[in-house]
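Okay, so here's the structure we're looking at.
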Amino acid sequence: AYTSYHQVKRDFQNDQAYNHYAAALEMTSLSLFMGSGVRREPHPYYDECINVYLNLCKAPLYAMRATLVHCECLVSRGYYLSAASWFIKMTNDEADLNSGLLLEQGAHCYVRMHPPSLRQCVFPLV
């Protein structure tokens, strides 16, 4: 699936179909994550995907979905610090409930780290 999504991703980028391009980036990274037996961080396609959703497509709901999936991939591989930074990065002043939930999830990631980072955990919870 990775090779198909990677090819389609380039086609959408050349056609400047940014919604489809971001979705293809998301699926490319997800297929790379699910297909790799090696324990490594998910591909940086997710970073680009979230930025395209936010900046070019102006679709914060899709960016939120991509962030949640990306962070779940990071947490499942044990990259708690990266997941916490993405959770906190996606907070904004416009959506208080979403921001509160994201900050809470970021704090939980700080607690799960080895060793737990309690100082960083408390700040998002306040």
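Quick note: residue numbers are just sequence positions, from 1. Note that this is a predicted model, so its numbers are computed, not measured.
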Could you tell me whether the side chain of [Y] reaches within less than 4.5 Å of the side chain of [X], counting heavy atoms only?
{"X": "Asp47", "Y": "Trp86", "answer": "yes"}
{"X": "Leu81", "Y": "Cys109", "answer": "no"}
{"X": "Leu68", "Y": "Leu102", "answer": "yes"}
{"X": "Tyr5", "Y": "Ser29", "answer": "no"}

What is the minimum heavy-atom distance between Ile88 and Thr91, and which atoms define it?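 Shortest heavy-atom separation between Ile88 and Thr91 comes out as O-OG1, 2.8 Å.
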Are [X] and [Y] connected, step by step, through hydrophobic side chains (Ile, Leu, Val, Met, Phe, Trp, Tyr) whose heavy atoms are closer than 4.5 Å?
{"X": "Tyr62", "Y": "Leu25", "answer": "no"}
{"X": "Val8", "Y": "Tyr21", "answer": "yes"}
{"X": "Leu101", "Y": "Met64", "answer": "no"}
{"X": "Tyr79", "Y": "Phe87", "answer": "yes"}
{"X": "Tyr46", "Y": "Met27", "answer": "yes"}

Whether the side chain of [X] engages the backbone of [Y] through a donor-acceptor N/O pair (distance < 3.5 Å, no angle test) should be reported.
{"X": "Arg112", "Y": "Val75", "value": "no"}
{"X": "Ser99", "Y": "Asn92", "value": "yes"}
{"X": "Ser31", "Y": "Thr28", "value": "yes"}

Check step by step if side-chain contact (heavy atoms from CB on, under 4.5 Å) holds for Leu30 and Tyr45. CA-CA 9 Å; Leu30 191 60; Tyr45 285 142; over 6 Å; no
Going by side chain to side chain donor-acceptor pair (under 3.5 Å), name the residues that satisfy it together with Arg65, two or more places apart in sequence or in a different chain.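 Partners of Arg65 by the side chain to side chain donor-acceptor pair (under 3.5 Å) criterion, ordered by chain and then number, come out as Glu26, Tyr53.
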Which residues satisfy the side chain to side chain donor-acceptor pair (under 3.5 Å) test with His20, sequence neighbours excluded?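 Side chain to side chain donor-acceptor pair (under 3.5 Å) check on His20 returns nothing, list empty.
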Geometric class of the Tyr2/His6 ring pair [parallel <30°, tilted 30-60°, perpendicular >60°]: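 Geometry flag for Tyr2 against His6: parallel rings.
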Parallel, tilted or perpendicular: rings of Tyr80 and His114 (30°, 60°):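 Taking Tyr80 first and then His114, their aromatic rings stand perpendicular (interplane angle over 60°).
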Nearest 0.5 Å, please: how far is OG in Ser82 from CZ in Arg77?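 OG of Ser82 is found 13.0 Å from CZ of Arg77.
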Residues Ile50, Lys89; criterion side-chain contact (heavy atoms from CB on, under 4.5 Å); working and verdict: CA-CA 11 Å; Ile50 294 167; Lys89 192 184 302 185; over 6 Å; no
